[in-house]
Amino acid sequence: MAQNNTVSEKTRVLIILDCSHSMWDRWQSDSKIKVTQKVLLKFMDSIATQKGIDVALRVFGHLNKNSYGTRLEVPFEPNNNYKIQSKIKTLVPNGDCTAASALSSSLNDFPTVSADDRNGTQARNIILIITDGMDDCDGNICNVARQVQMSGVIVQTFILGIGNKEDFQHSLDCAGKFTYVPNEEHYTEMLYDIFRISEEEARVVVSVNDETDHLLEATLPLALYDSQTGVVKYTTLYSIDSRYTPDTLIVDPLVTYDVTLFTTPPINLKNKQFKPGRVNRLNFTVEQGSLRLRSDGQRTNYPVPQYPVLIYQHGSNTILGSQLLGETRNYLTGNYDIEVLSSPTLRLENVAIISSTATDLTIPTPGVANINKPKVISSGSIFELKDGVLNYICDLDPNKINERILLMPGEYQLVLKPQNSIEYKKVKTIRFLIGAGRTTVINLSH
């Protein structure tokens with residue numbers, strides 16, 4: 001399986017810390033803010049030498065009493081661990097909650113261009129919100145979180161809720177992956193879990209089986225989209241090696257995916273999640289047959305165009321693909337409508353494609369209408385006559401005294417108007433037949 005995308009080597013984690021007035025309330029061994037400072041300081045020490053992770057700090061509720069402000073206190077930069085610890089030590093809860101405002105401002109905190117970007121490796125951007133959930137003053141965090149996720153900048157938002165469980169009556173699941181922290185011991189463990197997950201990869205084995213449950217011997221494009229943003233994250237080509245072994249795809253476990261296998265028509269799987277530390281299996285069952293379009297083999301003394309053929313799912317106006325005469329292509333089992341772009345258009349409806357079966361369709365060879373015109377004929381039109389109904393085909397060229405027009409076999413009507421005549425009674429109609437591979441001469445000089 002050829003893969004042109006890999007999980008990012010660098011992860012950026014923005015910590016958004018609640019420093020609203022309620023963080024003075026007692027929890028466990030001390031106030032919420034003191035417990036948080038102790039846990040975070042120890043945690044920052046443990047990851048100081050860890051490569052591949054950059055950390056920044058945004059705080060809200062700490063600027064002034066009754067203030068709803070938020071500020072990026074320590075931006076993403078090399079060796080900023082000491083700055084983050086120093087800021088954490090000096091934080092004093094002072095204002096009210098602005099979680100939604102802090103989250104909205106966070107998009108500007110992540111670098112847009114870096115050395116990693118220039119080298120073709122996009123960093124994974126993650127947000128970690130630590131809050132006691134008590135002062136949800138702006139109450140708009142769900143809408144803001146949706147906008148942040150749809151921006152495509154953020155891979156995932158995690159929320160750690162500290163304090164009393166009853167303070168989280170309003171679920172924060174809408175804003176990200178919410179986890180309630182029951183005590184100080186779990187506080188540290190959950191921080192480690194989030195940072196560990198942010199570094200991990202998920203391994204996915206893609207298996208495409210036929211109707212007999214054997215691996216399909218084919219090469220098929222495969223795409224994984226972020227199910228929230230609709231933006232493609234990975235594209236690859238499915239195939240199997242000579243030992244009939246599928247390859248392993250490496251993806252980001254933080255993203256929920258919509259997966260498309262580009263059969264005709266495509267097969268779609270929605271909301272697929274892949275866990276790190278295990279082999280995830282992504283299985284497709286493909287039941288398909290083949291369609292071959294060929295000419296009826298009539299010999300002609302004139303060149304026959306290679307008409308394009310459009311393929312539709314039966315009853316749909318959406319084009320699934322195109323095919324040329326002589327080509328054989330695979331389609332999922334089902335019924336299809338086929339349109340040959342000849343003159344006139346030939347439409348074959350409800351053609352059945354059967355599993356593991358080749359369907360042959362024979363397309364008639366067009367015939368030729370050889371039209372000889374006198375100079376007094378200034379204009380005319382050709383119509384197909386089918387079941388008593390006229391279907392317009394084309395106009396004659398008034399500048400030519402002889403025209404050769406390729407037409408599919410059938411019955412036609414030619415409508416002619418003499419030069420400079422405006423009288424209806426002088427308009428003539430001529431019916432004629434076109435046979436496959438045959439020339440029909442229409443002499444208008446007599």
Original post:
Which is it for D252 and R124 under the side-chain contact (heavy atoms from CB on, under 4.5 Å) test, yes or no, and what are the steps along the way?
Top reply: CA-CA 9 Å; D252 191 335; R124 285 194 288 177; 2.4 Å; yes
Subject >> Y302 and T439: CA distance, side-chain angles, deciding distance, side-chain contact (heavy atoms from CB on, under 4.5 Å) verdict >> reply: CA-CA 9 Å; Y302 49 85; T439 299; 4.0 Å; yes
How about [X] and [Y]: does a side-chain donor come under 3.5 Å of a side-chain acceptor?
X: N350; Y: N335; value: yes
X: T260; Y: N268; value: yes
X: T256; Y: N271; value: no

Subject >> Chi angles and distances behind the side-chain contact (heavy atoms from CB on, under 4.5 Å) call for I16, I130 >> reply: CA-CA 6 Å; I16 299 180; I130 300 175; over 6 Å; no
Subject >> Parallel, tilted or perpendicular: ring planes of Y412 versus F432, cut at 30 and 60 degrees >> reply: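 Parallel, since the angle between the ring planes stays under 30°.
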Under the criterion side chain to side chain contact (heavy atoms under 4.5 Å, CB included), which of [options] is the partner of [X]?
X: T263; options: V208, L332, L216; answer: L332
X: E73; options: I84, V59, L17; answer: V59
X: V251; options: L282, N280, L224; answer: L224

Between [X] and [Y], what is the shortest heavy-atom contact and its length?
X: P111; Y: F76; result: CD-CD1, 3.9 Å
X: N80; Y: V55; result: ND2-O, 2.7 Å
X: L407; Y: A369; result: CD1-CB, 4.1 Å
X: T429; Y: Q413; result: CG2-NE2, 4.1 Å
X: C394; Y: I405; result: SG-CD1, 4.1 Å
X: S343; Y: I393; result: OG-CG2, 3.2 Å

Within the 4.5 Å heavy-atom criterion, are [X] and [Y] side-chain neighbours or not?
X: Y307; Y: P366; answer: yes
X: N125; Y: L14; answer: no
X: I250; Y: T248; answer: yes
X: E217; Y: I240; answer: yes
X: N370; Y: T440; answer: no
X: L249; Y: T236; answer: yes
X: E339; Y: V309; answer: no
X: M408; Y: P364; answer: yes

Between [X] and [Y], does the ring centre distance come in under 6.0 Å?
X: Y336; Y: Y331; value: yes
X: F158; Y: F178; value: no
X: Y257; Y: Y225; value: no

[X] [atom1] to [Y] [atom2] distance, which is reported to the nearest 0.5 Å:
X: I442; Y: L416; atom1: CD1; atom2: CG; value: 9.0 Å
X: L310; Y: I319; atom1: CG; atom2: CD1; value: 4.5 Å
X: I141; Y: L103; atom1: CD1; atom2: CG; value: 5.5 Å
X: D337; Y: I311; atom1: CG; atom2: CD1; value: 9.5 Å
X: I371; Y: I401; atom1: CD1; atom2: CD1; value: 13.5 Å
X: I194; Y: T179; atom1: CD1; atom2: OG1; value: 6.0 Å

Subject >> NZ/NE/NH1/NH2 to OD/OE distance under 4.0 Å, R292 and D360 >> reply: yes
Heavy-atom donor-acceptor pair, [X] side chain to [Y] backbone, under 3.5 Å:
X: D210; Y: H214; value: yes
X: S46; Y: F43; value: yes
X: E403; Y: D397; value: yes
X: Q288; Y: S355; value: no
X: D18; Y: A99; value: no
X: Q273; Y: L254; value: no
X: S322; Y: P308; value: no
X: E327; Y: L324; value: yes
X: D296; Y: T365; value: yes
X: D387; Y: V389; value: no

Could you check whether atom [atom1] of [X] has more than 12 heavy atoms from other residues, nucleotides or ligands sitting under 6.0 Å from it?
X: R281; atom1: CZ; answer: no
X: R329; atom1: CZ; answer: yes
X: R431; atom1: CZ; answer: no
X: R196; atom1: CZ; answer: yes
X: K386; atom1: NZ; answer: no

**OP:** Might you work through the side-chain contact (heavy atoms from CB on, under 4.5 Å) test for Y180 and H186, ending with a clear yes or no?
**Re:** CA-CA 10 Å; Y180 171 66; H186 284 83; over 6 Å; no
Subject >> Working for salt bridge (Lys or Arg N to Asp or Glu O under 4.0 Å), residues K272 and D258 >> reply: CA-CA 6 Å; K272 303 298 292 184; D258 292 339; over 6 Å; no
Subject >> Residue pairs involving residues 380-408 (criterion ring pair (Phe, Tyr, Trp, His ring centres under 6.0 Å); sequence neighbours excluded) >> reply: F383-Y392
